[in-house]
Amino acid sequence: MSTIAVLPGDGIGPEVTRVALEILRRVRPGDTYVEYPVGGGAYDRFGTPIPDQTKSGVGQSDAVLFGSVGGPQWDGDKVPRDLRPEASLLFLRLHFELFANIRPVRVYPGLEEASTLKPEVVSGLDLVVVRELTGGAYFAQPKEFGERDGVPYALDTILYHKPEIVRIARVAFEMARERRKLVHSVDKQNTLETSRLWRKTVVEVAADYPDVTLQHVLVDNASMQLVRNPRQFDVILTENMFGDILSDESAMLSGSIGNVPSASLGRRGEPGRRFGLYEPISGSAPDIAGQNLANPTAAILSAAMLCRLSLGDSAAAERVERAVEAAIASGARTRDLVRQSEAYLSTTAFGEAVAARL
Ligand code: IPM
Ligand code: MN
C-alpha cells in the first residue's frame with residue numbers, strides 16, 4: 001500500500017487533478033490519497049504557498065500528484081517574491097532534490113490534425129525531454145534586484161557543478177537505451193561557460209554508453225529543428241531553463257500543451273520505486289479555470305507515470321495510457337484539440353471517456 005499526496009493547486013489544477021485522481025483510484029484502489037493545499041490558494045488561506053502540513057505530508061508520501069500553481073491575482077508585485085505561488089513548486093523541487101524532470105511528448109494517432117504543424121511532420125512523433133531541474137539560473141546565487149547609482153538593475157546567476165550534470169546525463173542515457181538509443185544534448189557552448197562544462201561532462205558520461213549515439217545541438221538550433229523536423233529527436237537532454245523553454249515548444253507539437261505529463265525524480269527510493277512529483281507541464285490557465293474546459297490528458301498521463309516510476313506498477317500505467325489512447329482514437333477531444341465550431345467534451349466528460357476504457 002502506498003500513500004499519494006495530492007496537491008491540486010490553482011487555476012485548472014483542481015479540475016484536471018480531480019479527473020486524474022479518479023482514474024488513479026480506479027487502477028490503484030488500495031492506496032491512500034491525502035490532499036494538501038499549495039500555491040496561491042494556500043497563500044490566501046495560510047499566508048504561505050507551501051504550508052507546513054503540505055511539506056510534511058509530501059515528506060511522508062511515496063509520490064505527489066500535482067496540479068498547477070499561479071494566477072494573475074498573485075502576479076507581479078502583488079505578493080512578496082518568496083511567497084509567490086511558483087515558489088511552492090520550486091521549494092518542492094529543491095527540498096526533495098527532484099533533479100530529473102522527464103517530459104514525454106507523443107502525437108497520438110488521430111491528433112495529427114490538431115497540431116499547428118503539418119500532419120506529415122508530426123505524425124508518429126515520440127520524444128522525451130530530460131530537463132535538469134534543481135540547478136542553473138532558477139536557483140543559483142547571487143540573485144539581485146536593486147538599484148546602483150540610481151539605475152535599477154537585476155542579476156541572475158547560472159551555475160552548474162559537474163556532479164549535477166553527470167547525474168542528469170545518466171538519466172538521459174539510461175532512458176535512450178530503452179528507446180531509440182539517441183541523445184541530443186542541448187547547450188549554448190558558443191557563449192556560456194556552464195555550457196562548456198555541460199558538453200565536456202556529457203561527452204565523458206557518454207563513454208559509459210557506447211550503444212547510445214550522442215549528438216550536440218546549440219539551443220537556438222534545437223528550437224529551430226523542433227519545428228523543422230521534430231522526429232529526428234529521441235531523448236533531448238538539457239539544463240533547467242533551456243528545458244523549460246524547449247519542453248513547451250515540444251509539447252505544442254503534440255497538438256496541445258494540455259497533452260504532456262511530467263515526472264520529477266530524485267534519489268530517494270530505487271529504480272521503479274522512486275519518490276517523485278508528477279504534474280502536467282502546462283500552467284494554471286486562469287483564463288479557462290473553473291469552466292470544465294481544460295484538457296485533463298496531461299494530468300491523467302502524469303498519474304500513469306506515477307504508477308510506473310514511483311509505485312513500480314507498470315501494468316496500471318499501461319492500463320491508463322491505453323485507455324487515453326483508445327479514448328482519443330474514438331474521437332474524444334477537449335476544446336483545445338478541435339477547430340472552432342467543432343464539438344468537444346468537457347474536462348469531466350473526457351475523464352469519463354477515459355475511465356470507460358480502462
Ligand atoms: C514548468 C513551469 C515552472 C518552471 C514554473 C511554474 C516555475 O513553467 O514546470 O515548466 O519554470 O519550471
Ligand atoms: Mn514551463
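Remember, it's a predicted structure, so these values are computed and weren't measured experimentally. Quick note: residue numbers are just sequence positions, from 1. Every number for a ligand or one of its atoms is a count from 1 in the order of the listing.
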Closest non-hydrogen protein atom to atom 1 (C) of ligand 1, residue and atom name please, with distance?
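Ranked first by proximity to atom 1 (C) of ligand 1 is Arg103 NH2, 3.3 Å.
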Among protein heavy atoms, which sits nearest to atom 4 (C) of ligand 1, and what does the distance come to when rounded to 0.1 Å?
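Result: Tyr138 OH, 3.4 Å.
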Approximate separation, where rounding is to 0.5 Å, of Asn259 CG and Leu337 CG
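Here the interatomic distance stands at 5.0 Å.
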Under 3.5 Å: N/O of Glu86 near N/O of ligand 1
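The answer is no, given that Glu86 and ligand 1 share no N or O pair closer than 3.5 Å.
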Counting only nitrogen or oxygen atoms and a 3.5 angstrom limit, does Glu279 reach ligand 1?
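No; the residue has no nitrogen or oxygen that sits under 3.5 Å from a nitrogen or oxygen of the ligand.
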Closer than 4.0 angstrom, basic N to acidic O: yes or no for Arg84 and Glu86?
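Yes, Arg84 and Glu86 are salt-bridged.
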State whether Arg131 and Asp244 are salt-bridged, where the test is any N-O pair (Lys NZ or Arg NE/NH1/NH2 against Asp/Glu carboxylate O) under 4.0 Å.
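Salt bridge: yes.
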Using a 3.5 Å distance criterion without hydrogens, assess whether the side chain of Thr54 forms a donor-acceptor pair with backbone atoms of Ile50.
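Side chain of Thr54 to backbone of Ile50: no pair is present.
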Should Val34 and Val38 be counted in the same cluster of Ile, Leu, Val, Met, Phe, Trp and Tyr side chains packed under 4.5 Å apart?
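In one cluster with Val34: Val38, yes.
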Going by heavy atoms, is Arg84 under 4.0 Å from ligand 1?
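The answer is no, since Arg84 has no heavy atom less than 4.0 Å from ligand 1.
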Determine, for Tyr108 and Arg106, whether the Lys NZ or Arg CZ falls below 6.0 Å from the six-membered ring centre while staying within 45 degrees of the axis.
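Yes - Arg106 lies over the ring of Tyr108, closer than 6.0 Å to its centre and within 45° of its axis.
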Short list, please: which atoms of ligand 1 are under 4.0 Å from a heavy atom of Arg131?
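Listed by number with element, the hits are 1 (C), 4 (C), 9 (O), 10 (O), 11 (O), 12 (O).
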If you count the atoms of ligand 1 from 1 in the order shown, which ones are under 4.0 Å from a heavy atom of Asp244?
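Numbered from 1, ligand 1 contributes 1 (C), 4 (C), 8 (O), 10 (O), 11 (O).
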Part of Met241 within contact of ligand 1 (heavy atoms, under 4.0 Å)
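Answer for Met241: neither.
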Of the side chain and backbone of Arg93, name the one, both, or neither that has a heavy atom under 4.0 Å from an atom of ligand 1.
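It is the side chain that gets close, since no backbone atom is under 4.0 Å.
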Pick one: which of Pro280, Ser302, Ser254 meets side chain to side chain contact (heavy atoms under 4.5 Å, CB included) with Val260?
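Only one of Pro280, Ser302, Ser254 forms a side chain to side chain contact (heavy atoms under 4.5 Å, CB included) with Val260, namely Ser254.
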What N/O/S atom of Asp244 gets nearest to the Mn ion (ligand 2)?
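Within Asp244, restricted to N, O or S, the Mn ion (ligand 2) is closest to atom OD1.
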